[in-house]
Every structure is written in C-alpha cells, then in structure tokens.
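Written out below as structure tokens is the structure these notes cover.
Scope of the values below: all heavy atoms of this structure, side chains included, with no hydrogens, waters or symmetry mates. None of the values given here were measured: they were computed from a predicted structure.
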Amino acid sequence: MSEPNTVTTQGVVDALAAWVSSTLAGHTYPAPDGTYKEVRVFTHNLPEPEGDDDADLAFCPFCIVHAGSGTVEDWGRQTMPIVLLFCVYDTGTSRQGYRDLLSIKEKVMAAALKNSRVDPCEILLPIDWNTDDGQYREFRYGTVDFMVEAPTITAKESDLT
C-alpha cells in the first residue's frame, strides 16, 4: 500500500515561504530602525506586532506568501494562484525604494526560472510582477504572482470520509 498523499495547501505555502527565505538569504534591505535586515517571510498574514507598532514598521522588510484559492483539475492534482507580497522601507527623500523591490523581484524570478520545482509543487509560467506607485508613506510594495501545480488530497486518501 502506498503512503497517502499528505500535501495540503498550507504545506505548499510553507514550502514556498521556505524557498523565498532561501532565495533571499544573505541579501539585506533598509529597515525602519535604520539598520539593514534580511526579508522576513510570513504565510497569509503578518503577525500582530508587540505594543503599538504598526505591523509594516515592525516587520519591514517582509514577504507574505498567500494562496487564496485553487482548482482541483483531476484526481490528485490541483493548481492554485500564489501571491508573494513584498514590502520594503523607502529611505531618504530620493524615493528609490522601488530599486529594492525590483532587486527582490529579479532574485525570486531568476530562482523560479532556474528551477521551477519547489517540492511539493511546480511553479508554472507565466510569472507576473507589479510594484506600487509609491503613495504609501515610506513603504514600497510589490508582488510576484504565479500559479503552482501540486498534488492534492483526494477523498479516498483523506480522513474526511
């Protein structure tokens, strides 16, 4: 008897979060406290900050890995859209934070194009990206969006039956 398929949506999101962390490891970006920090990666939402801090201030620079929907296409296979939301701190009056967003976007896209397999899923083309227009105080936001294909738990394999 084969091992049941235990891939869940959260398992895919967790694997992608680890992949983003690994992809961006060693690269630092400006933080609101005047230091440079690696991008912190979270799944679905930012945690609540301690005290009265604004979450963006408390955790910047950060990435949120989000899967909000999906489609079971056949028995044992699903696709789901993934959104990687990045936030960087835009220091100084020159408003050049978009350069950090583009750098992050390039690193993530290069890693996906080099090897689209992020076990247990496969990143599918096309990969879309977007940056904001800089209207959010001292923060800049950008996204990298793509579909993934992954196994899914079927009714036969789940404990739901």
Checklist entry - Does L46 reach the side chain of I64, with side-chain heavy atoms less than 4.5 Å apart? => result yes
Item to check | Heavy-atom check, side chain of R77 versus side chain of P151, under 4.5 Å | outcome: no
Next on the checklist: Can you confirm whether L84 sits close enough to F146 that some side-chain heavy atom of one is under 4.5 Å from a side-chain heavy atom of the other?
Outcome noted: yes
Item to check | Non-hydrogen atoms of P32 and C60 that approach each other most closely | outcome: CD-O, 3.6 Å
Item to check | E149 and M80, any side-chain heavy atoms less than 4.5 Å apart | outcome: no
Checklist outcome for this item: Taken to the nearest 0.5 Å, the spacing of C87 SG from R40 CZ works out to 10.5 Å
Checklist entry - Same cluster or not: are V83 and I123 linked, directly or through other Ile, Leu, Val, Met, Phe, Trp or Tyr residues, by side-chain heavy atoms under 4.5 angstrom apart? => result no
Atom pairs and distances, side-chain donor-acceptor, residues 15-30, under 3.5 Å, sequence neighbours left out:
unit_1	atom_1	unit_2	atom_2	d
S21	OG	A17	O	3.2
T23	OG1	W19	O	2.8

Item to check | Check against side chain to side chain contact (heavy atoms under 4.5 Å, CB included), F86 and V144 | outcome: CA-CA 8 Å; F86 293 97; V144 174; 4.0 Å; yes
Next on the checklist: Evaluate Q78 against T71 for side chain to side chain contact (heavy atoms under 4.5 Å, CB included), listing each step before the verdict.
Outcome noted: CA-CA 5 Å; Q78 66 178 328; T71 303; over 6 Å; no
Item to check | Minimum heavy-atom distance P120-V12, with the two atoms named | outcome: CG-CG2, 4.1 Å
Next on the checklist: Quick check: is V118 connected to L124 through a chain of hydrophobic side chains (ILVMFWY, heavy atoms under 4.5 Å apart)?
Outcome noted: no
Next on the checklist: Between I82 and M147, is there a side-chain heavy-atom distance shorter than 4.5 Å?
Outcome noted: no
Next on the checklist: Measuring only between side-chain heavy atoms, which start at C-beta, is T131 closer than 4.5 Å to W129?
Outcome noted: yes
Item to check | V41 side chain reached by F62 side chain, heavy atoms, under 4.5 Å | outcome: no
Checklist entry - Taking 4.0 angstrom as the limit, do R140 and D132 come out as a salt bridge? => result yes
Next on the checklist: Are F42 and F59, when compared by the centres of their aromatic rings, separated by less than 6.0 Å?
Outcome noted: yes
Next on the checklist: Could you tell me if the side chain of L102 sits less than 4.5 Å from the side chain of R99, heavy atoms only?
Outcome noted: no
Tabulate below the donor-acceptor pairs under 3.5 Å that side-chain atoms of residues 103-115 make, not counting sequence neighbours, or state none.
unit_1	atom_1	unit_2	atom_2	d
S103	OG	K107	NZ	2.7
N115	OD1	R117	N	3.1

Checklist entry - With a 3.5 Å cut-off and no angle check, do the side chains of S116 and E122 form a donor-acceptor pair? => result yes
Item to check | Residues N130, D128; criterion side chain to side chain contact (heavy atoms under 4.5 Å, CB included); working and verdict | outcome: CA-CA 7 Å; N130 183 33; D128 297 317; over 6 Å; no
